[in-house]
Amino acid sequence: MIGRSVGITGIGAYVPERVLTNAELERMVETSDEWIRTRTGIQERRIAAPTEATSDLAVPAARQALAAAGIEPEALDVVITATMTPDRLWPSAASTIQGRLGATRAAAFDVNAACSGFVYALALGTHMVGTGFAHKVLIIGADAVSKFLDWTDRNICVLFGDGAGAVVLEPVEEGEEGMVSFFLGSDGARGETMYLPAGGSRRPPSHETLDQGLHAPLMDGYQTFEFATFAIMDAIERVLKKTPYRIEDVDLIVPHQANIRIIKTAARWLNVPTERFSITIDRYGNTVAASIPLCLYEEVHAGRLKKGDLVLLTSFGAGLTWAGALLRWTYEPASSSRPSSG
Amino acid sequence: MSDVFVRFRQMVAAVRGIDEDRITPESRLVEDLEADSIDIVELMLDAEREFGINIEKQEAQSLRTVGEIVSFIEARLAEQSTSS
Amino acid sequence: MKLRTVGITGIGAHVPEQILSNADLEQRHHVSDQWIRRRTGVVERRICTREQATSDLAVPAARQALAAAGLRPEEVQFIITATMTPDHLWPSAGSTIQGRLGAVNAGACDLNAACSGFVYALAVGTQLVRSGLYDNVLVIGADVISKFVDWTDPKTYLFGDGAGAVVLQPIADREEGLIDFMLGSDGSRGDILQLPAGGSRRPSSHETLDQGLHRPVMDGYDTFEFAATAVMDSIEKVLARTSYSIEDVDLIVPHQANQRLFRPVAKWLGISVDKFFVNIERYGNTVAASVPIGLYEAVHRKRLKKGDLVVLTAFGAGLTWAGAVLRWTYSPNDGHEILHP
């Protein structure tokens, strides 16, 4: 990349208070704790309250990231929110968040690349800072996919959770490296592998689309798994290829948290011990665009991610999209704490 | 005729595309001069720029005649000159 | 290494065939053509068929932009689609478009900044090329707002459907190209232009439909006041970031929200209203598509020539507003026609 070096200088995360355990799900649909755990690795997930929308999860995560970076909301130039479940189709969730943060000087927009959204937004934000167009950019990954779930569809409703994570991007010293390389991919030809049929301009909401159950996600489990394992490997390979680094140099791999079995398969294929992968799926499920920043936050505060570490992010999701990023970690927390929760 | 009236009458004439003689302090913007809501926003923004004052939507919507608006602007200008 | 200069090297636009004229609305809903014209300046607008969605308009616009730039789909490296009416909440319209173009080597995402989306996407895409990350980026503005409009509400008669697309590539420094941008947002006033239901705040349900919460809300007074202020602010701020002043500008291509905006803004800027390119009478407000459709028509109607200094200005839900200053770098080959003669 030509231009300035850019790094993460603050991080925050937020999950809703309400915990939904597998035991509770057993009482809601025909499933079992054992089935969910062995098939997905999920033990519990957080679910937004009826009054909570995506921006309500994002704002506390964003505040925490700003505090960690030691900057005031008015200092921000841009707020980018990666989400596929914005509060409304318009205005964007990012504008709502920008208003509530009091980031009065900041531009704001949403990015939608589904579960890859956070890495996509990180790439866009990095280049906005790298060229000098912006100096302080807030990148948020936030989704409240629970609002769209069919709680009688036992194959899908058990997989997801709600959450938000946020990072601050700023110029860093060249020697600190910061963001090293990105890969962003898409295969729209296979878009129907996972999608939400109605609610957009293809099938706007109507009593018919509701009666036909078209407002809940569809997902082809087999194709999804096949794509995810390909994508995780492909993104890692492509991101490393542009750099002098090899997989052995990487201190921590942070994959999108969709299914523990995808992560274990990737670990085996890469010949990397699973200990070098960040795993939070047991507690949060698949939180869509929030999953990677949520992992980063937890790793930092568990002392497993330290300034100077080489980190590889890899994600995949609806679109289809997949993405990867290699970065030298540039943030150190003042004191350790758990992710905030309502 | 006050200076504010003369200047405001010019603005109304330009925005509505009508002769200044048609405009008196008693003229009602909507009923007599056929201004619609967009004309009114334009006039208020014009007045804000011309006189360096701020007019809130509620205030704008409560004023019906040219004379009422002129008095409102004059009062705002008087407030500003005493407070500064 | 030095940052690169970036320019628009191809442009395309597409609108649906079906025309909805004021006369049609007059017949169906007892609103006069004269009233709509006076309020908005719109005479007719294009409306999608029942089957069409945003990506269906975007794909032909994108193909045309690629052809104009002499680029094959597989050479495209990134696609940003500015839209607030994507086909689906997921996947993004951007991915669907990428798949249908056969742009097999491109990443793709949607960007939502409502009517300011295209200028926002242009700003983002420019940085991706400027930094050397990509050489060929496709920026699309496309919306099918007709699917969300209540045609019994005269306030919404200003809308229409459409799509526009441009190709961004590195160019020679002396050509200037995309010079600078300003991007603004004021989420604290977001409620004056919104679609209340259908997202995570109020997911679609029979109740939200019965309550009419899937129709655009807009407060006329607040919206016009915001729009007029936003056009001024974006033009003044973006020019202040460059060495140019308003007198240097050959053409302003604004978001086509309402014909009535341009006279007061021209008056305040001290310029002729003819500096604004206006085509709202034929397409209405096409949301994120209006600026690229405006550029496309300006080029093909010979109002915009290579070397001209252009200002783009847009504003909309968010609230958001945006401005761009660019030296126009594209001239069409023979055989390219205006959108709908």
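Side-chain atoms are counted along with the backbone in the values below, which use heavy atoms only and exclude waters and symmetry mates. Here is how names work: the chains are called A, B, and so on, in the same order as the sequence lines, proteins then strands, and each is numbered from 1.
In this structure, C:Gln194 contributes its side chain and A:Pro91 its backbone to no donor-acceptor pair below 3.5 Å. In terms of modelled atom types and a separation under 3.5 Å, the side chain of C:Ser131 and the main chain of C:Gln127 share a donor-acceptor contact. Distance alone, capped at 3.5 Å, is enough to place a donor-acceptor pair between the A:Gln98 side chain and the A:Ala103 backbone. Checked by atom type and distance alone, the side chain of A:Arg18 never pairs as donor or acceptor with a backbone atom of A:Ile47 at under 3.5 Å. Distance alone, capped at 3.5 Å, places no donor-acceptor pair between the A:Asp150 side chain and the A:Ala216 backbone.
Between A:Leu169 and the options A:Ile139, A:Leu138, A:Ile80, a side chain to side chain contact (heavy atoms under 4.5 Å, CB included) holds for only A:Ile139. Across C:Thr286, C:Val287, C:Thr54, C:Ile47, a single residue satisfies side chain to side chain contact (heavy atoms under 4.5 Å, CB included) together with C:Val144, and that is C:Thr54.
In this structure, no portion of A:Ser146 lies under 4.5 Å from any heavy atom of chain C. Looking at A:Val79, there are no atoms closer than 4.5 Å to chain C (heavy atoms on both sides), in backbone or side chain. Of the atoms belonging to C:Ala106, it is backbone heavy atoms, and not side-chain ones, that fall under 4.5 Å from chain A. Both the backbone and the side chain of A:Ala108 come within contact range of chain C, each with at least one heavy atom under 4.5 Å from a heavy atom of that chain. Residue contact with chain C, scored on non-hydrogen atoms closer than 4.5 Å, involves the side chain of A:Arg100 exclusively. Using a 4.5 Å cut-off between heavy atoms, A:Leu320 contacts chain C through its backbone alone, with no side-chain atom that close. Contacts between C:Arg189 and chain A at a heavy-atom distance below 4.5 Å are absent for every atom of the residue. Interface residue C:Leu195: backbone and side-chain heavy atoms are both found under 4.5 Å from chain A. For A:Phe148, the part lying under 4.5 angstrom from a heavy atom of chain C is the side chain only. In this structure, chain A has no heavy atom under 4.5 Å from any part of C:Asn105. Using a 4.5 Å cut-off between heavy atoms, C:Phe181 contacts chain A through both its backbone and its side chain. Proximity to chain A is limited to the side chain of C:Ser55, based on heavy atoms less than 4.5 angstrom apart.
Taking C:Gly107, C:Ala53, C:Ser185 one by one and counting their heavy-atom pairs under 4.5 Å with chain A, the maximum is reached by C:Ser185. Among C:Lys147, C:Glu51, C:Arg130, the residue making the largest number of heavy-atom pairs under 4.5 Å with chain A is C:Lys147. Among the candidates A:Ala123, A:Gly319, A:Ser92, the residue making the largest number of heavy-atom pairs closer than 4.5 Å to chain C is A:Gly319. Heavy-atom pairs under 4.5 Å with chain C were tallied for A:Pro197, A:Ala94, A:Gly317; the largest tally goes to A:Pro197. Counting heavy-atom pairs closer than 4.5 Å to chain A, the top-ranked of the candidates C:Asp56, C:Ile97, C:Ile79 is C:Asp56. Here A:Pro204 is the residue among A:Ala189, A:Pro204, A:Ala93, A:Ala113 with the most heavy-atom pairs under 4.5 Å with chain C. For the set A:Pro50, A:Ala318, A:Ser186, A:Ala107, the entry with the most heavy-atom pairs within less than 4.5 Å of chain C is A:Ser186. Heavy-atom pairs under 4.5 Å with chain C peak, among A:Arg190, A:Arg105, A:Lys147, A:Lys242, at A:Lys147. For the set C:Ala108, C:Ser188, C:Ser92, the entry with the most heavy-atom pairs within less than 4.5 Å of chain A is C:Ala108. Between chain C and the residues A:Gly125, A:Gly99, A:Gly188, the largest count of heavy-atom pairs under 4.5 Å involves A:Gly188.
Between the side chains of C:Asp143 and C:Thr83, at least one donor-acceptor pair of N or O atoms lies under 3.5 Å. Side-chain atoms of A:Ser181 and A:Thr243 form no donor-acceptor pair, as typed in the model, at a separation below 3.5 Å. Side chain to side chain, A:Ser55 and A:Asp87 meet the donor-acceptor criterion of an N or O pair below 3.5 Å.
Counting only residues at least two apart or in different chains, ring pair (Phe, Tyr, Trp, His ring centres under 6.0 Å) contacts with residues 184-208 of chain A comprise A:Tyr195-C:His88, A:His207-C:His206. Counting only residues at least two apart or in different chains, side chain to side chain donor-acceptor pair (under 3.5 Å) contacts with residues 106-120 of chain A comprise A:Ser116-A:Thr321.
Residues A:Thr126 and A:Leu327 have side chains not in contact (no heavy-atom distance under 4.5 Å, counting atoms from C-beta outward).
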